[in-house]
Each structure stands twice: as structure tokens, then as C-alpha cells.
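Notes for the one structure printed next.
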Amino acid sequence: MKDILEAIRDRAKKKGVSFMDARFVENESTSISLQDGKADKVSSGKSAGIGVRVISSGAWGFATTNETALKSAEDCLDQAISMADASAEKGRVVEVAKVSPVIDAVKAKFEIDPRSVPFKEKVDKVVMFESEARKVAPEKISNTIAGYGDIWQREVICNTYGTLVENEYVRTHTYIMVVTKEGALRQRASEHDAIVGGFELIRRIEPENFSVKAAKRAVALLSAKRAPSGMFPVLLHPDIVGLFTHEAIGHNAEADGVMAGVSILEGRVGQKVASELVTIVDDATIEGMWGSYKYDSEGVPGRRRVLVENGVLKGFMHSLETAAKFNAEPNGSARAQNFNNRPIVRMSNTNIQPGKQPYAELLKSIDNGVMLTKGLGGYVNPNKGQFTFSAGEGWMIRKGELAEHIRDVNMSGILLETLQKIDGVSKEYDPDTLKGGMCGKGGQGMFVGAGGPYVRVKELMIGGQE
Amino acid sequence: MENLVEIAEYGCEVAKKEGAEFVDVGVHSGMGMSVDVERGAVKHGDTAVSSGVSVRAFIKGGMGFTGASSLKKEDVRGAALKAAALAKVAQPDPDFVSLPEPSGSYPVVEKLWDDNIRGVSAGKLVGYLRRSIEEVKSVRGDAIINGGAGLGHSESAIANSLGIRASIKGSSIRMSTSVTFKEGDDVGTYFDFDNSRLLPDFNPSGIGVNAAKMALKFLGARHIQGGVMPVVFGPLSGLSIFRVICWNANAEDIQRNRSYLIGKKGAQIASDIVTVVDDPLIPAGMGSGPFDGEGFPHSRLTVIEKGVLKTWLHNSYTANKGKEKNTGNSTRGGTSITNTVVSLGTKTEKELISEIKDGLYVAVGSIFPNPQSGDISETVDWGFKIENGEIAYPVKNVMIGMHMLEFMKNIDAISSDFREEPGAIMPSVRVRDVRVAGGK
């Protein structure tokens, strides 16, 4: 495949394009879905193809093919050039940052190759996780969904700078959702675990810390109260602070959004955007983390990127294009889901760094507030800086102590207001609470991680029902 | 093999020979093109071909599922063999009875395909976008404009081991424009769009002006006092309420004992002004087609009639399991809604607003209750305060929270006027006594 990509690169140079990269991506995945004790769907998928991107006539062109022959790749290049030429605008010239060529091959790391594990063993493991969960309260558990998935991916990147990088990864994950009922009331709780690695993940999971935990939480939620409605002091558990960081700050610090004029952080580098307690890092280099990688989809090494330091916005996550636009150093943040997607700026593992206060002290300081945990998902409207994220459960805090258990609820805030209102950051810290996280920006599913300490926010909007 | 039905048929034969008791194979092949605008200028042009095959093989009800992006004979064969092999390790499911039998004929659904869309060039898409950019600038020159235009055409086919053979061609063309105005820290933003199955129906003229005018209206958003108040959901919001509750009425969630609608069939779940039909037969509708994902014929389905929940949405598995009629809502992996049609009321949106002294208007946004508990907890991303019968000012950091069934019963008006999109009549909806959280 490398020879085809290099032939395309040479052809692109001859045609005089300003820049070209060609990516070959192939995937093999398996998944098992189990409901109510039965493995009701056992799946596998395969895809392969080439995506060619050029800058010609000052504009980007991109074309893809799921044929992997030289002729198809050449046609693809020609289509990309004609799409770029059709998109040319007077006065606009797209540029990419000049980088030194990288030639490297990254091999997947794992202890047990999931492709070598028989399907039956995978099914048996998921069945065991699920049956242990059911034992917690058979009379109250009305539905369970458990699943397993692994994906092997190889991406070869070749560009006109001379870069030729091969990225190979294996990722493995598992999840369980338990639904409980009492009368007409139904509640749910879920757990998941994931690594950049192989089947060793599944072999070392103890049901007590996984499926049984989800079942116990789902049972406990039957006695939880509806969440309140309004502004409250909020203590975010590390289990949800990663999601908060991803939605509230991370997306706004992606330089493609800044370049398009749709980030509230545009023009604020060097300014104080958060309380001085807040330092936020996006780090692609943490070994084995779900959002980690050595090279991005442009063949640029992934890095540790300090986004906010002691409350001051230090910079953004960049692609080659945004780095050129902002005169910044490329930091390896452009990733593509597959061959038929353009690389776009993505987070890797995004964390609020630990502070100095003990958790107990943060809790004690709240007279009437809410502690939220178990992030479920969220979204952000970056140009307004308004974000929303969901907690799977929480507790009321009364006179410095955890009080009534509350059900799932969404929260909302305005980024620049909320970051200034962070008035406590614990020293207790979990860098990976968003295990197996997927971000759907631009319609491309991408592996991301996130985490952090306990974070106290002076006030946050809670959208409960009471 | 070029004929998609033949490819699907071949996949069925291979999996059947390998021991599968039931098989269905879906095949698609298509092409898409898009051009994007960034910050007021065209910047990207993309084109992509796509194709794929997916095979479901069943042995004693246990399902093996495979997908591949190639339609080459050896790859289709590989996918079929693998699906049959996986079905052998899936556990038996006694609730599986059969895939659908051939029905004889399919309804005719018109205007799903326009060959002329294949002839639309990238240059023509660029032309649409440039006109939209000019429209926005005519409203105010300092707008930040993003957006895109695109088209697609595809053919898909389904075959199963009981003899179903069906194929369909579809086309679409679309454009959207997003506008942002910044005045210091104050941001006003909005978008508008047009999409169509057929080229003559595509008329993106005016969306730039509308997006710009609305974006200006969202400057100066304020925090508001929370409370219990009436809320009007505008055309880009109201229909989604009914789409969500139809989606929640999928039989899978009911049979799996995980839905707040369990026990509600035949019960009053909404106010009596609410009648909702799932209609896949609307000509040129974006959700239209003659058959569902399993090749079962589509038909109109009344889901809610005068507030009473009339049916669950079924695929062949859930229909057989529940011993009910298949409603043709399969996606070959679950169930889905198609086009949602709601009965209109007698008053205009303006009249509905005029009757409110203190309330909220939601311009864009959906309600997504927790599918198990039915609890709603949503942010209002584009909303206005209503005061003394009129839209007063934009709001920020506002949330809505209540139970979905309470919410549905509190619907007290559906407007007579509406926005129309292919397959969708989109009226405004008024709900009384909604719990609104505000930050003031």
C-alpha cells in the first residue's frame, strides 16, 4: 500500500498542487451485544479505502475510494484536485504549516490479541458479567444490556512533505447497562471500561467492580429523588469532571472552530478565562489511555498541550492548517475516523489538573448544594459558549455532608461565566474517568479520554424536575 | 456483479449454504459531494463514493451480523460466511420466529429520486453558497458565515432467504448557512437550511437572510427568573416532541421492560388535541420509502389518536414476539420512525404567543426524555422570553425539567400555521405549566 500512496504523492507533485496527503485506512472490528442473558447479536465488520486531500488553487479538495488499486487512487487524486479547483475563492489561499518529514511505523501494543481469542470466550465473558449483575436483585432488574467490542485499525499517511507514517492500534472495550423497576418507576445505571490494548482488559475485569457495581447503582436509584431545578453550588465528582472539561472547554479550544469564528475563546490567548485554580491539559502521550496516539492523521506527533494554565488561556489544539493560520507550532491534534473522513482537530485525553485541597474540605464548605457524578454525555454550542452535560446520579449536599440521593439530571452553563466560578479543585485525582469515551464532532466518532479531580463550582444551572 | 439485488441474493445463498436458517442481506452503493464555507468564503470541496454490504444470519434465532465496505464477489462471500459462522456462536433466541415473507407488492412512493441531481456540479453548489453569503452580508456585513451545500444519490437493495427482493433509489440535495454576530462578549447566532429529494424542489434562496436576521435577534441574551410557565415550541422544535414520543413507542423497549410507556397502550398519554401519524408514504419525504429495512412494505400508522397511544412500532422480530402486526418500522437492527405528521390546530403561532403573559419561546431544540424513566431535563439553546403576549428578548442558560407524560398532557395548542420541509409539516406547539430553571 505504501508504494501506491507514494506514487500518488509523486503524481500530485507533478501536477503542481501546494500540498497533498493520502491516507489508507483499514479496520477490522468485532462486537457482541447481549440482552437479558442472551448474546442476541454477534457482529464483525471490515472496511478499507483511501482518502486523498489536496490544496490546489488555494482551496482544499478531498476525494475517497474504497478500491485500493493504483488506478482508483489516481482517479481519486484527480477528483480531489478538481473539487479544490471548483472551490477556489479570490483572495483566500489555504496554507498548511511546514513540518519536517516523519518516517515511522507504530505497531499495535497489546498483551492478548483480541483477534486470536475465540468468539465463544468473548461471549462467555460477557454472559458472566451480565449474570453476576442479575444476581444483585433479580426481582428488581427488568432489563440488562451488556456488550463487548474490539477494533484493529491501520492508517498509513503519506504527504508531499515526505512524511510516511503507519499507525496501528488495537482498542478493546466493554459495557453494561442495568434497568431496574419498582411499580411504574424505572431507573438505569451503566458501567464501561476500555483500553488501547487487547483482551487482557476483559480477563482482568472483576464483575464486582463492573457489572455488579452497575446493578447496585441501578437498584439504589429506585429510592433516589428527582433532582432539583435552579442554580446551585455544585461539586463535580471526578467521574463527571472529564465530561465537563471536554464539553465546556475542550471543544472551544479546538483551533478549527476558532479559525471558523465559532469559538468563544477566539482572540483570548494570554487572557484570564478561568479561575486561577484551573489548569487544563490535553495529552495524547499518556501510555495506554483510550485517547492516546503517537501520530495524528496528518503524521504529526501527538503531544501534551497545555490549554489553560492557572486560569490563563495558553493556546489551542492544532492541525497543520490551523497552526499555519495562527502562526503556532503544529501539535498533532488532527484525526480522522476513517479513510472517507477529512482529518479535523480533536481532543485526546483532556484533564483538569489536580489542586491542593482535600475533597472532604470542598464538601464541607457547601451548605446547600449538589454533588454530581457519572457523566453520561453532553454537547456544546461553541460560538455562544453554552454547554450542557448529563449526570447519571448525584446527591444533595446539606450542611457540608452528602444527603439525599438524586436521579439523573442535565446541567447547563455559560463557559466564561462557569470557569470563573470554579472555586475549589481537589488534590484527589483520576486521569481517566471517561473510559471508552467517544466524541462525535463533525459526524466523526473519535476515541477520547478525560478526567480530573473533584471540582467545586460556585453555582451551576441544574435542570431537574422539582 | 453490478445489480445490487443480485449481490444481495448471492450473499443470502452463501450464508444459507453455510447453515444459516434465515438470512437477509442489505447492499448499498452511492456517491456524495459537498462544498463547505468557512468564515464567509468557500474553502473545501469533497467527493466520496460509498458502498457496503451487511449480512444478518440466524441459527435458532441467534444472530450473526457482518458488514463490509466492498461489493466485490469475494468480499460479499466472506461477509456471508462470517455471518453464518457468528450465528453459530450467538445464543439461541426462542423469541425469533421468522424474517418477513414476500408480500407481493409494495406501495408506490413518488419523487424519491431525481436523476438531474447527478448532473449538479461542484461549481453549481459553490454558486448556491455564494448567493447565500451575499444574502447574509446584505443584512449586516460583519457576519461570521459558515455552512455548506451537498448532494447525494444512492441505490440500496435487500434480499432475504424467504424470497424478499427489493431495491430503491434515492437522491437528495441540501444547503445550510450558519451566521454569528459578535459584539464584544455578546454573541448572536442562528442557522437555516433547505433540503430536498428533487432538484426542482430545492430553493435555498432566502435562508441566508433568515439566518442573519434571526442571529441578530439573539444578541443581548439575558438570564431569566425560573418558575412554572407556558412554553411555545416553534416550528424547528415542536415536531420533534412528537417524533421523540413515537420513537419511545418502539416495541423493543416495551418488550425489554425498559420504557416509561409500558402499560400505556390504549391509555391517554397526551392531551386530546394530539393526533400523530407515522407516514412513510409522503411523496418526496426525506423519511419516505416503499419498504422498511427488512423489505417489509411500508404503510401509514396512527401512533397517537386524540391523545390515546394506539400502537407500538414494530419490526418482524418484535411483532412475532408480541404476536402483533408488523408495522414496517425495521432498521435491520431495531425500529425507527419515518415521517411524523401531527394534526394542526386552529390558531396561528402569533395568536398562541399573544395569549401568554409570562412564558418562554423555544426556537430550536428537542425534548429527549430519559427513555426509561420519562424524565425530561433539557437546555434551551435558542430561546426567547415571552412577555405580555409578545416575544420580548433572547434568554441564556435556561433549562426545562418535568416528566414526559405530564408534558404531553399539558400540550394545550398546536398552531394552524407551519414550516414545511420534505415529508414534514412543522407547526408550533404550546405546553402549559412547564418547569423552567433560570439563572437570575
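Just so it is clear: chains get the letters A, B, ... in the order the sequence lines come, proteins before strands, and each one is counted from 1.
- With respect to R256(B) and E252(B), a salt bridge is recorded, a charged nitrogen being found less than 4.0 Å from a carboxylate O.
- Using a 4.5 Å cut-off between heavy atoms, K181(A) touches chain B through its side chain atoms alone.
- The parts of T47(B) that come within reach of chain A are both its backbone and its side chain, each placing non-hydrogen atoms under 4.5 angstrom from that chain.
- Using a 30° and 60° split on the angle between ring planes, H44(B) and W60(A) fall in the parallel class, below 30°.
- One finds a salt bridge joining R342(A) and D36(B) here, because a Lys/Arg side-chain nitrogen approaches an Asp/Glu carboxylate oxygen to under 4.0 Å.
- For the pair K41(A) and F65(B), the cation-pi criterion (under 6.0 Å, within 45° of the ring axis) is fulfilled.
- Contact count against chain A (heavy-atom pairs under 4.5 Å) is highest for S377(B) among S69(B), A437(B), S377(B).
- Comparing G123(B), G438(B), G78(B) by how many heavy-atom pairs each has under 4.5 Å with chain A, the most go to G438(B).
- Only the backbone of V380(B) comes within less than 4.5 Å of a heavy atom of chain A; no side-chain atom from C-beta onward does.
- Residue contact with chain A, scored on non-hydrogen atoms closer than 4.5 Å, involves the backbone and the side chain of D93(B) alike.
- Comment: R226(A) does not engage E393(A) in a salt bridge, judged by the lack of any side-chain N to carboxylate O separation of less than 4.0 angstrom.
- Between chain A and the options M33(B), R130(B), K396(B), heavy-atom pairs under 4.5 Å are most frequent for R130(B).
- When each of V398(B), T379(B), I144(B) is scored by its heavy-atom pairs under 4.5 Å with chain A, the top score falls to T379(B).
- Counting heavy-atom pairs under 4.5 Å between each of K90(A), R53(A), M259(A) and chain B puts M259(A) at the top.
- Residue contact with chain B, scored on non-hydrogen atoms closer than 4.5 Å, involves the side chain of L34(A) exclusively.
- Contacts of residues 48-57 of chain B with chain A at a heavy-atom distance below 4.5 Å involve A48(B), V49(B), S50(B), S51(B), listed in sequence order.
- Both the backbone and the side chain of V42(A) have a heavy atom closer than 4.5 Å to some heavy atom of chain B.
- Taking chain A as the reference chain and counting heavy-atom pairs below 4.5 Å, the highest number among T66(B), D75(B), L125(B), V436(B) is found for T66(B).
- With a 4.5 Å cut-off on non-hydrogen atoms, K82(B) touches chain A through its side chain but not through its backbone.
- At a 4.5 Å heavy-atom cutoff, S121(B) makes no contact with chain A through either its backbone or its side chain.
- Salt-bridge annotation for E406(B) and R435(B): absent, with no side-chain N of the basic residue lying under 4.0 Å from a carboxylate O of the acidic one.
- With salt bridges taken as basic N to acidic carboxylate O contacts below 4.0 Å, one links D124(A) and K120(A).
- Of the two parts of K88(B), neither the backbone nor the side chain holds a non-hydrogen atom closer than 4.5 Å to a non-hydrogen atom of chain A.
- With respect to D375(B), the side-chain contact (heavy atoms from CB on, under 4.5 Å) criterion is satisfied by exactly one of M402(B), H403(B), M404(B): H403(B).
- Chosen from G230(A), A86(A), S390(A), G91(A), the residue pairing most often with chain B at heavy-atom distances under 4.5 Å is A86(A).
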Which donor-acceptor pairs under 3.5 Å do side chains of residues 457-466 of chain A form with protein atoms, sequence neighbours excluded?
from	atom 1	to	atom 2	distance (Å)
E459(A)	OE2	K421(A)	NZ	3.1
Q465(A)	NE2	I376(B)	O	2.9

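- Per-residue heavy-atom pair counts under 4.5 Å with chain A were compared for D381(B), I400(B), V126(B), V35(B), and the maximum is reached by D381(B).
- A distance of 9.5 Å separates OG in S178(B) from CD1 in I145(B), rounded to the nearest 0.5 Å.
- The aromatic ring centres of Y190(B) and F218(B) sit less than 6.0 Å apart.
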